[in-house]
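One structure is given here, and the rest of the page talks about it.
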Amino acid sequence: MDSEEFDYSKLGLKAGLEIHQQLDTRKLFCNCPSVLRYDEPDYTISRKLHAVAGEKGEVDIAAMHEVEKGKEFIYQGYDTNCLIELDESPPREINKEALKIAIQIALLLNMKIIPITQIMRKTVVDGSNTSGFQRTILIAQNGFIETSFGRVGIEELYLEEDAARMIEKKEKKTIFRLDRLGIPLVEIKTAPDLKTPKQIKEAALKIGGILRNAKVKRGLGTIRQDLNISIKTHPRVEIKGFQNPKMMIKTIEYEIQRQEKEGKKGKPEVRNALPDGTTEFLRPMPGAARMYPETDLSLLKISRELINEAKKELPKLREELEEEFRKKGLNEEMIKLLFKEKKIEEFKELLKIINKPQLIVKVLLIFPKEIASKKKMSLKKVLDKIEDEIPNVLRFVKEGKIPESRIKYTLVELVEGKSLNELKVGKKNIADIEEKIRKIIKDKPGLSVNAYMGLIMKNPEFKGQINGRDAAEIIKKYINAIS
């Protein structure tokens with residue numbers, strides 16, 4: 001069904017997003033590295049799930065559903081894991097770097113930081129945590145983002161530990177790896193303010209863009225997104241794996257059709273998004289009483305000093321950086337290239353050497369590709385030869401030791417194996433050469449560029465002092481000045 005056929009306000013469509021993003025630090029409650037392993041594990045352990053009553057004396061319905069399956073859980077570990085991940089040792093103090101990144105993300109989402117907060121345990125029913133729970137901390141509340149459809153509230157931001165990584169799933173046995181368990185991630189929950197598929201997609205992409213400005217992990221599996229969605233005739237459903245932008249609208253439309261068909265007979269449940277846009281039943285919706293306080297750690301106090309430090313190092317959003325780069329004179333293609341190649345930080349550092357933004361983009365991104373193409377070399381090989389020398393090349397340009405017109409030729413010579421010191425000309429020499437060329441043009445007016453080139457390149461005074469390209473640039477400059 002085409003989305004135009006839906007009257008979303010009449011249907012009472014209401015949705016909210018839950019976005020989980022890994023942070024690029026060591027693990028949250030130990031000092032183990034946050035790296036995924038693909039070699040053979042060093043050891044395995046086996047455990048089974050047992051459902052027990054919580055503080056209120058109730059057994060979680062989702063936990064009981066999993067226990068009844070009688071599953072065995074196998075955990076594979078490495079020398080990069082520790083006893084904390086095996087639930088054989090209490091957690092250490094929270095990772096301060098991860099906490100600061102979470103605060104920065106909250107600030108970018110216009111949220112209010114909670115100064116004193118309780119670390120909680122959240123019941124995990126699928127075996128993806130050796131302890132049977134996930135540690136989670138409410139860091140901030142009451143934020144918002146702006147979309148073209150209006151403001152969307154950001155209700156809560158949690159800092160929590162990621163689950164173990166599923167390797168194989170059988171009817172009675174599931175195998176997990178401990179390499180991912182404990183990697184810090186933020187969980188962001190929007191308010192149920194999303195009323196159309198287009199707004200849902202825009203909000204998801206907007207939050208994703210904000211997250212990419214912080215120190216987060218990149219790549220497949222580092223961000224996971226869930227959608228809570230309902231219409232007025234059907235209870236809320238949670239859809240897991242809702243992160244493919246190309247399938248978002250289609251998935252929503254299929255889910256609306258499914259909920260319309262079920263109507264009031266439908267049940268609150270967790271469903272899994274499939275590649276074709278449909279969903280399948282995963283498990284019942286977890287109960288509300290699955291959170292209880294962490295007894296091994298004290299209250300978390302977020303100091304004003306830490307918040308101020310996070311603010312001082314707050315990354316700029318892409319929109320802000322784009323506008324800043326436009327003001328510096330970069331065109332849209334150059335700006336797009338900087339973001340695509342992830343060269344923002346290098347660009348900023350090189351601007352400190354020489355305040356010529358367009359030249360820096362050419363040296364960083366355009367010239368290396370042109371040289372690789374002309375030399376029939378891989379871009380990596382070209383960069384290996386010149387990348388470390390780019391700051392020095394630009395310093396020499398600023399100091400007048402290399403003319404700006406000769407930069408690309410200088411990079412070519414570096415690729416060919418020459419040293420930078422061999423290639424610098426010197427400010428006085430450049431001025432002398434230009435003066436001699438100017439005199440030739442003055443003494444023999446009216447010649448073509450090629451004629452002047454012939455006179456210069458045959459002149460022994462210029463031997464080893466200038467190449468043809470640079471000579472042509474200087475000739476054109478003086479001819480244009482005269483005309």
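As a basis for the values below, the full set of heavy atoms in this structure was taken, side chains included, without hydrogen atoms, waters or symmetry mates.
Within the model, atoms CD1 of Ile188 and CD1 of Ile105 stand 6.0 Å from one another, a figure rounded to the nearest 0.5 Å. Between the SG atom in Cys32 and the CG atom in Asp179 there is a gap of 11.0 Å [rounded to 0.5 Å]. The distance from atom CD of Glu294 to atom CG of Leu297, rounded to the nearest 0.5 Å, is 5.0 Å. Atom CG of Leu99 and atom CD of Glu93 lie 10.0 Å apart (nearest 0.5 Å). Between the CD atom of Glu155 and the CZ atom of Phe144 there is a distance of 15.0 Å, given to the nearest 0.5 Å. Put simply, CE on Met111 and CG on Leu157 are 5.5 Å apart, with the number rounded to the nearest 0.5 Å.
Taking the ring centre of Tyr75 as origin, the terminal cationic atom of Arg177 falls outside the region bounded by 6.0 Å and 45° from the ring axis.
With hydrogens and angles disregarded, no donor-acceptor distance shorter than 3.5 Å links the side chain of Gln243 to the backbone of Gly221. Looking only at distances, no side-chain donor or acceptor of Lys215 sits under 3.5 Å from a matching main-chain atom of Thr25. Of the possible polar contacts, one joining the Thr190 side chain to the Leu17 backbone as a donor-acceptor pair under 3.5 Å is found.
A donor-acceptor pair shorter than 3.5 Å cannot be found between the side chains of Ser34 and Gln22. Side-chain contact annotation: His20 with Gln225, donor-acceptor N/O pair under 3.5 Å absent. Of the N and O atoms on the side chains of Glu255 and Gln259, at least one donor lies less than 3.5 Å from an acceptor on the other residue. A donor-acceptor contact closer than 3.5 angstrom links the side chains of Glu389 and Asn392. Defined by atom type and a distance below 3.5 Å, a donor-acceptor pair is present between the side-chain atoms of Asp7 and Ser9. Using modelled atom types and a 3.5 Å distance limit, the side chains of Ser46 and Glu72 yield a donor-acceptor pair.
What you find for Pro368 and Ile386 is that their closest heavy atoms are CG-CD1, 4.0 Å. Nearest approach of Asn31 to Arg26, heavy atoms of both residues: O-NH1, 2.5 Å. When all heavy atoms are compared, the tightest approach of Val186 to Ala102 is CG1-CB, 3.8 Å. The two residues Ala203 and Leu194 have their closest heavy-atom pair at CB-CD2, 3.8 Å.
Aromatic ring centroids of Tyr78 and Tyr43 lie 6.0 Å or more apart.
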Can you give each donor-acceptor pair under 3.5 Å made by side-chain atoms of residues 265-275, sequence neighbours left out, with the distance rounded to 0.1 Å?
residue	atom	partner	partner atom	Å
Glu269	OE2	Arg271	NH1	2.6
Arg271	NE	Thr279	OG1	2.8
Arg271	NH2	Thr279	O	3.0

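Checked options Leu185, Val35, Asp162; the residue passing with Arg180 is Asp162 (criterion: side chain to side chain contact (heavy atoms under 4.5 Å, CB included)). The only option from Arg165, Lys217, Glu161 that meets the side chain to side chain contact (heavy atoms under 4.5 Å, CB included) definition with Ile183 turns out to be Lys217.
With sequence neighbours excluded, no residue forms a ring pair (Phe, Tyr, Trp, His ring centres under 6.0 Å) with Phe367.
Between Glu323 and Arg326 there is a salt bridge, since a side-chain N of the basic residue sits under 4.0 Å from a carboxylate O of the acidic one. Residues Glu349 and Lys352 are paired through a salt bridge, judged by an N-O separation under 4.0 Å between the basic side chain and the carboxylate.
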- Given salt bridge (Lys or Arg N to Asp or Glu O under 4.0 Å), test Glu160 with Lys122 step by step and report yes or no. CA-CA 10 Å; Glu160 53 193 31; Lys122 185 195 296 183; 3.7 Å; yes

